[in-house]
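Before any comments, here is the structure.
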Amino acid sequence: MTPEVSQYWQHFIEQQQLPPDLQPAEIYSFGNTEQMANELARLVIIGQKTATTSAIELYEPDEHVPHVGDYNVILDGRDRPVAITKTIMCTIVKYNQVDAEHAFLEGEGDRTLAYWRSVHEPFFKAEYAEAGQVFTPTIACLCERFEVVTERRELR
C-alpha cells in the first residue's frame with residue numbers, strides 16, 4: 001500500500017469508526033489504461049458505475065475473491081486513491097446470462113447489454129488467452145455491486 005493510499009484508508013477508518021486493524025479487501029483501478037482507469041473512476045465517483053464483472057475461474061488460488069461487505073480502495077490511472085467502495089451484492093452467472101440491469105449498473109458507454117458485451121467479450125477473450133484458456137459464452141462471471149462510501153470530491 002502506498003503512503004498516499006495508506007493515509008486515505010486510515011482517514012476513512014477513523015472517520016467511520018471502524019477497527020484500526022481493518023484492511024481494504026482490494027486496492028485497484030478499473031480498466032487497463034490510464035485513460036480508462038480515470039474515466040471509470042470518474043463514473044464511480046458520480047454514482048453512474050455501481051457494478052463490475054470478473055471471470056471467477058481466473059482468480060488465482062491465493063487471490064481474494066470479492067464478497068459482500070468488502071471495502072475496496074479505487075485508484076485513478078496514476079494509482080491515486082479516489083474512492084472507497086463497499087461490496088453490497090455478489091452473484092455468479094454465465095457470461096451469456098448477464099442481464100441488461102447489470103450492464104446498466106456498470107455505467108459504461110450507452111449502458112446497454114449490447115454495449116456491455118461489445119467491450120467485455122474482447123476483454124475476457126484476452127484474459128482467458130493470457131491464462132492459456134479459451135473464452136466461451138458460458139464462462140462463470142462474478143457480478144459484483146458496490147456503493148461508494150467515500151470519495152474525493154474534487155474529482156466529481
Side-chain angles (χ1 to χ4, degrees), residues 1-95 97-109 111 113 116 119-120 123-124 126-128 130-131 133 135 139-156:
M1 188 179 319
T2 68
E4 186 177 10
V5 170
S6 181
Q7 181 180 18
Y8 188 69
W9 178 255
Q10 287 304 317
H11 178 26
F12 167 72
I13 61 171
E14 289 168 10
Q15 182 183 48
Q16 299 295 314
Q17 298 180 344
L18 295 169
D21 60 341
L22 181 68
Q23 295 296 310
E26 293 185 80
I27 301 168
Y28 65 93
S29 59
F30 292 103
N32 52 14
T33 67
E34 182 178 335
Q35 181 180 359
M36 185 182 289
N38 288 337
E39 174 59 16
L40 296 178
R42 186 185 70 78
L43 295 178
V44 168
I45 290 167
I46 65 171
Q48 183 170 319
K49 180 172 183 58
T50 59
T52 192
T53 308
S54 55
I56 190 75
E57 60 194 7
L58 294 183
Y59 281 88
E60 296 294 328
D62 61 343
E63 189 176 0
H64 175 79
V65 176
H67 62 273
V68 172
D70 282 353
Y71 287 103
N72 300 295
V73 178
I74 307 302
L75 306 174
D76 67 9
R78 293 189 178 161
D79 293 332
R80 297 175 299 202
V82 297
I84 294 175
T85 62
K86 184 176 184 179
T87 302
I88 58 172
M89 190 169 98
C90 291
T91 55
I92 297 175
V93 298
K94 293 179 181 179
Y95 173 85
Q97 293 177 348
V98 171
D99 62 20
E101 179 184 15
H102 185 77
F104 181 82
L105 293 173
E106 285 224 18
E108 300 170 37
R111 302 180 82 176
L113 183 56
W116 183 89
V119 296
H120 281 78
F123 174 79
F124 284 134
E127 275 200 325
Y128 271 77
E130 187 177 311
Q133 299 181 43
F135 167 85
I139 65 160
C141 290
L142 175 62
C143 295
E144 178 183 353
R145 291 188 188 175
F146 55 83
E147 61 186 9
V148 173
V149 291
T150 190
E151 89 275 343
R152 289 202 160 159
R153 298 196 186 284
E154 68 268 18
L155 298 175
R156 280 183 158 266

As an exercise, state the distance from CE of Met1 to OH of Tyr8, rounded to the nearest 0.5 Å.
13.0 Å

Please work out which of the three classes, parallel, tilted or perpendicular, describes the rings of His120 and Phe123, given edges at 30° and 60°.
perpendicular

Side chain to side chain donor-acceptor pair (under 3.5 Å) partners of Trp9, counting only residues at least two apart
none

Looking only at heavy atoms, which two atoms of Val149 and Lys86 are closest? And how far apart?
CG1-CB, 4.0 Å

Trp116 ring center within less than 6.0 Å of Tyr95 ring center:
yes

Nearest 0.5 angstrom please: Ile13 CD1 to Thr150 OG1, how far?
13.0 Å

Residues forming a side-chain contact (heavy atoms from CB on, under 4.5 Å) with Ala37, sequence neighbours excluded
Ser29

Using the side-chain hydrogen bond (donor to acceptor under 3.5 Å, both in side chains) rule, collect all pairs that involve residues 55-67, keeping only residues at least two apart or in two chains.
Ser54-Tyr59, Glu57-Tyr128, His64-Asp70, His67-Asp70

Any chance the side chains of Thr53 and His102 put a donor and an acceptor closer than 3.5 Å?
yes

Charged N-O contact under 4.0 Å between Glu39 and Lys49:
no

One should read off an interatomic distance between Cys143 SG and Leu105 CG, to the nearest 0.5 angstrom, of 10.0 Å

For the backbone of Gly107 and the side chain of Gln48, can you confirm whether one donor and one acceptor N or O come within less than 3.5 Å of each other?
yes

Could you walk me through whether Thr2 and Asp79 satisfy the side-chain contact (heavy atoms from CB on, under 4.5 Å) test, starting with their C-alpha distance in whole Å, then the side-chain angles of each, then the deciding distance to 0.1 Å, before giving a yes or no?
CA-CA 9 Å; Thr2 68; Asp79 293 332; 5.9 Å; no

How long is the span from the CD atom in Glu147 to the OG1 atom in Thr87, to the nearest 0.5 Å?
9.5 Å

Scan residues 10-27 for pairs that pass side-chain hydrogen bond (donor to acceptor under 3.5 Å, both in side chains), counting only residues two or more places apart or in two chains.
none

If the condition is side-chain contact (heavy atoms from CB on, under 4.5 Å), which residues does Ala100 pass it with, not counting sequence neighbours?
Leu113

Heavy-atom count around Tyr28 OH within 6.0 Å, excluding the residue itself: above 12?
yes

Report the residues that fulfil salt bridge (Lys or Arg N to Asp or Glu O under 4.0 Å) with Glu144, sequence neighbours left out, ordered by chain and then residue number.
none

Please round to the nearest 0.5 Å and tell me the distance separating atom CD1 of Ile45 and atom CD1 of Ile74.
9.5 Å

